[in-house]
Amino acid sequence: IMPDGRVLQALVSGNLRGTKIWDPATNIFSTGPTCVGIHNESTWIKLADESILMVDRGAQTSERWIAATNTWVADANVPVALYDPFGLETGGAALLPDGRSFWVGSLGTTALYTPSGTAAPGSWAAGPSLPDNQGQPDAPVAMMVNGKVLLVTSPVPVSGNVFPSPTSFYEFNPATLAYTRLNAPTGGLTAND
């Protein structure tokens, strides 16, 4: 959601860089700014400064949408690959209570982004890899009220099996950079999904 209440959204069409802006007051779509890289399959995080951060598909480059100029600008490079080479999938991201964001990759890598607070690029650092040879191809995360991040994971994808099972569940503590394994909602450690 943009500062004025309109909605910026990615289009999965054309060159995969186009966006649209939807105005809920008029129910009209208009052409939005073009991304620097490809946004398809990307996760977007809205930062405290109203900018929106994403990692370009299949790359280790990031970019931000800057509200004041309604443009996408190149940001800092990500130190680890978050997309897998098989399906170009990535995992989720969560805005942490301290203003950083936590990004999870399909191959089990993670990264932490610290915003600059201005239109200048922020900084990325590699985060702790997921435990137990887990990855997050096209999977969600959820920021919990206790300041920890709930993760849904699977075995790391391989050629011919981009979405392996079973599904596992972890909690990530950004204060300690540690993971805690959780039981599956159906009982036991995994769900066969």
Side-chain angles (χ1 to χ4, degrees), residues 1-127 135-143 149 151 162 174:
I1 296 179
M2 300 165 70
D4 63 7
R6 294 179 300 156
V7 179
L8 177 66
Q9 71 180 115
L11 295 177
V12 184
S13 64
N15 66 8
L16 302 174
R17 288 179 166 90
T19 66
K20 289 283 188 184
I21 298 173
W22 177 65
D23 187 337
T26 61
N27 195 27
I28 294 174
F29 284 90
S30 59
T31 300
T34 301
C35 297
V36 177
I38 295 175
H39 58 58
N40 186 37
E41 296 290 343
S42 65
T43 299
W44 291 11
I45 288 283
K46 186 175 182 182
L47 302 173
D49 67 359
E50 301 289 342
S51 67
I52 297 172
L53 175 68
M54 74 162 178
V55 176
D56 300 319
R57 182 182 83 173
Q60 287 179 237
T61 52
S62 69
E63 60 186 275
R64 282 191 303 145
W65 173 78
I66 306 297
T69 59
N70 190 32
T71 57
W72 287 94
V73 298
D75 205 278
N77 288 339
V78 185
V80 296
L82 296 176
Y83 289 88
D84 68 65
F86 314 113
L88 293 175
E89 301 293 343
T90 190
L95 185 62
L96 301 176
D98 65 7
R100 295 177 302 155
S101 53
F102 174 66
W103 298 71
V104 184
S106 182
L107 298 174
T109 55
T110 70
L112 293 157
Y113 177 83
T114 302
S116 65
T118 68
S123 61
W124 287 94
Q136 204 181 47
D138 209 23
V141 304
M143 186 68 224
V149 181
L151 304 165
V162 177

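Side-chain contact between Pro79 and Thr109 is absent, with no heavy-atom pair separated by less than 4.5 Å. Contact annotation: the side chain of Ile45 approaches that of Trp103 to within less than 4.5 Å [non-hydrogen atoms, C-beta and beyond]. Side-chain contact check for Phe29 versus Leu11: every heavy-atom pair is 4.5 Å or farther apart. At least one side-chain heavy atom of Asp84 sits under 4.5 Å from a side-chain heavy atom of Pro137. Proximity of Trp22 to Asn27: side-chain heavy atoms (C-beta onward) are separated by under 4.5 Å at one or more points. Under the 4.5 Å side-chain criterion, counting only non-hydrogen atoms from C-beta, Asp138 is in contact with Glu41.
Atoms CZ and CG, from Arg64 and Asp75 in turn, are 5.0 Å apart once rounded to the nearest 0.5 Å. Taking CE of Met54 as the start and OG of Ser62 as the end, the distance is 9.0 Å to the nearest 0.5 Å. Atom CH2 of Trp124 is separated from atom OG of Ser101 by 5.5 Å, given to the nearest 0.5 angstrom. If you take OG on Ser106 and CG on Leu82, they are separated by 9.5 Å, rounding to the nearest 0.5 Å. Distance CG/Leu53 to NZ/Lys46: 13.5 Å, rounded to 0.5 Å. Atom OG of Ser42 and atom CG of Leu88 lie 12.0 Å apart (nearest 0.5 Å).
Closest heavy-atom contact between Leu8 and Ile52: CD2-CD1, 4.0 Å. What you find for Asp49 and Gly117 is that their closest heavy atoms are OD2-C, 4.1 Å. Minimum interatomic distance between Glu63 and Val36 (heavy atoms only, all atoms of both residues): OE1-N, 2.8 Å. Across all non-hydrogen atoms, the minimal contact from Tyr83 to Val55 is OH-O, 2.8 Å. Nearest heavy-atom pair across Gly122 and Ala76 is O-CB, 3.4 Å. Heavy atoms only, all atoms of each residue included: Ser116 and Pro121 are closest at CB-O, 3.4 Å.
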Can you list the steps and then say if His39 with Asp56 is a side chain to side chain contact (heavy atoms under 4.5 Å, CB included)? CA-CA 6 Å; His39 58 58; Asp56 300 319; over 6 Å; no
Apply side chain to side chain contact (heavy atoms under 4.5 Å, CB included) to Val149 and Leu96, showing your working. CA-CA 8 Å; Val149 181; Leu96 301 176; 3.8 Å; yes
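Under a 3.5 Å cut-off, the side chain of Gln60 and the backbone N or O of Val78 do form a donor-acceptor pair. Judged by distance alone, with hydrogens and angles left aside, the side-chain atoms of Thr19 form a donor-acceptor pair with the main-chain N or O of Pro33 at under 3.5 Å.
Applying the side chain to side chain donor-acceptor pair (under 3.5 Å) rule to Arg6 yields the partners Asp4; only residues at least two apart in sequence or on another chain are considered. For Asn40, the side chain to side chain contact (heavy atoms under 4.5 Å, CB included) partners are Val12, Leu16, Ile38, Arg57, not counting sequence neighbours.
Between Trp44 and Trp65, the ring centre distance reaches or exceeds 6.0 Å.
The side chain to side chain contact (heavy atoms under 4.5 Å, CB included) with Gln136 is formed by just one residue from the set Val141, Thr110, Thr90; it is Val141.
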